[in-house]
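Working notes, beginning with the structure itself.
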Amino acid sequence: MINNRDPRHAILEHLPALRAFAISLSRDHAIADDVLQDAIIKAWTKFDKFTPGTNLRAWLFTIVRNEYYSMRRKNRNEVADVDGAMAARLSVKPDHDGRLQFNDFEKAFATLPAEQREVLILVGAEGFSYDEAAEMCGVAIGTVKSRINRGRARLTDLLDLDDGAPELTDKATQAIISAGS
Amino acid sequence: MLRDRFSSQNTFLVSTEGTKGPLPAFVYRYISANLFTLESKFTMSDTPDHDKQMRINAMIDENLKRVYGDLQKDSIPNKFKDLLIILAAQEAEEKIGPDEYD
C-alpha cells in the first residue's frame with residue numbers, strides 16, 4: 001500500500017490530467033500509457049529532486065513532457081504532421097454557441113506540431129501561466145507565446161474560424177474575453 | 001485614430017500638429033525607444049479585428065478545455081495505480097533489507 005503520509009501519494013490525484021496531457025502530445029493511447037508509466041517511475045524514484053512548496057503538478061507535467069520527447073527521439077515514431085488531406089475534410093462551422101464539432105476540433109488539433117499542442121494544452125487548457133509553461137518546456141516566454149499564436153492561427157485556418165466567427169454568448173466565454181481585453 | 005490617441009496621450013506632440021516637413025528629432029527618438037510599446041498599444045488593440053481575434057481565441061480555448069476535459073474523464077487503467085503500489089512496496093522492501101527476512 002502507499003503510505004498516505006508519503007508526499008508521493010499526491011501523484012495519484014494528478015494521473016488523469018497527466019494521462020490526458022500524454023495523449024494530447026502523442027495522439028496515441030498506447031504510446032501515452034508508455035510515457036505515463038515511465039514518468040510515474042521517474043517521478044517516484046526522483047522525488048527528492050522536487051522542491052517542497054513548489055508546484056507539484058507542473059513538476060509532474062514536466063516529467064511527462066520530457067519522457068514523451070525522450071521516447072520520440074528513441075523511437076522516431078511521430079508521424080509527420082499532415083496538413084492537406086485531413087485539413088481538407090474540416091469544413092464544419094461552429095454552431096451558435098461557438099462549440100465546434102468534437103471530431104473536427106480534435107482532428108485539427110492533432111495536425112499541430114507537438115510543440116504547439118503542448119503549450120496550447122498547458123496554457124489554454126491547464127491554466128499554467130506563460131512563465132510556468134516556458135519553464136516546463138525549457139524555452140523563453142516569447143517562444144511560448146509565439147507557439148500559442150501559431151497554433152491558434154493554424155486552428156483558425158483549419159477550422160475556417162476567421163471567416164464569419166460567431167458571436168459567443170455563453171457567460172464563461174464572455175468572461176474570458178473580458179479578462180483578456 | 002492612432003494619431004488622436006498618440007497626440008492626446010503625449011501632449012508634447014501636439015505642437016507638431018500642422019507643421020510641415022520632418023518631425024523634430026526627439027519625436028523620432030521617442031518612437032524608436034518605444035516602438036515595441038507603441039506597436040502593442042496601437043497596432044494590436046486598435047485594429048478592428050482585435051475583438052474578433054479575441055472571440056476566436058476564446059472559442060479555441062473553450063473547445064480545447066472541453067476536449068481535454070473529456071480526456072481526463074477517462075478512467076485511469078488500474079495498472080498505473082498498481083505501479084504506484086509496487087514502487088512503494090519495492091522501496092519498503094529495500095529499506096528493510098534482505099537481512100531482516102532472516
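Note on naming: letters A, B, ... go to the chains in the order of the sequence lines (proteins, then strands), and numbering restarts at 1 for each one.
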Exercise for review: Start with the C-alpha distance between A:L15 and B:L84, add both sets of side-chain angles, then the distance that settles side chain to side chain contact (heavy atoms under 4.5 Å, CB included), and finish with yes or no.
Suggested key: CA-CA 11 Å; A:L15 285 183; B:L84 286 170; 4.3 Å; yes
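Counting heavy atoms from C-beta on, the side chains of B:V67 and A:F109 never come closer than 4.5 Å. Looking at B:L71 and A:F21, their side chains never come closer than 4.5 Å, going by heavy atoms from C-beta outward. Residues B:L64 and A:L155 fail the side-chain proximity criterion, which asks for heavy atoms closer than 4.5 Å. The shortest distance between side-chain heavy atoms of A:F105 and B:R66 does not fall below 4.5 Å.
Residue B:K79 touches chain A through its side chain alone, counting heavy-atom pairs closer than 4.5 Å. Heavy atoms of A:R152 lying under 4.5 Å from chain B belong to its backbone as well as its side chain. A:L36 touches chain B through backbone and side chain together, each having a heavy atom under 4.5 Å away. Using a 4.5 Å cut-off between heavy atoms, B:L87 contacts chain A through both its backbone and its side chain. In this structure, chain B has no heavy atom under 4.5 Å from any part of A:L18.
Note: B:Q90 CD to A:W44 CH2 = 10.5 Å, rounded to the nearest 0.5 Å. For the atom pair CG of A:L161 and CZ of B:R55, the computed distance is 12.0 Å after rounding to the nearest 0.5 Å. Between the CD1 atom of B:I56 and the OG1 atom of A:T156 there is a distance of 5.0 Å, given to the nearest 0.5 Å. We find the CD1-NZ distance between A:I11 and B:K81 to be 14.5 Å, quoted to the nearest 0.5 Å. The distance from the CD1 atom of B:I85 to the CG atom of A:L12 is 8.5 Å, given to the nearest 0.5 Å. Rounding to the nearest 0.5 Å places CG of B:N63 at 8.5 Å from CG of A:L159.
Among all heavy-atom pairs drawn from B:K65 and A:A125, the shortest one is CG-CA, 3.8 Å. Heavy atoms only, all atoms of each residue included: B:P77 and A:D33 are closest at CG-OD2, 4.3 Å. The two residues B:Y68 and A:S24 make their nearest non-hydrogen contact at CD1-OG, 3.9 Å. Minimum interatomic distance between A:R19 and B:F80 (heavy atoms only, all atoms of both residues): NE-CE1, 4.1 Å.
B:I86 and A:I40 are not part of a single hydrophobic cluster, where members link through side-chain heavy atoms under 4.5 Å apart. Residues A:L60 and A:V35 share a hydrophobic cluster, clusters being chains of Ile/Leu/Val/Met/Phe/Trp/Tyr side chains in contact below 4.5 Å. Linking ILVMFWY side-chain heavy atoms closer than 4.5 Å, directly or via other members, places A:L112 and A:I23 in two distinct hydrophobic clusters.
Dense packing is recorded around CD of A:E115, with more than 12 heavy atoms of other residues, nucleotides or ligands lying under 6.0 Å away.
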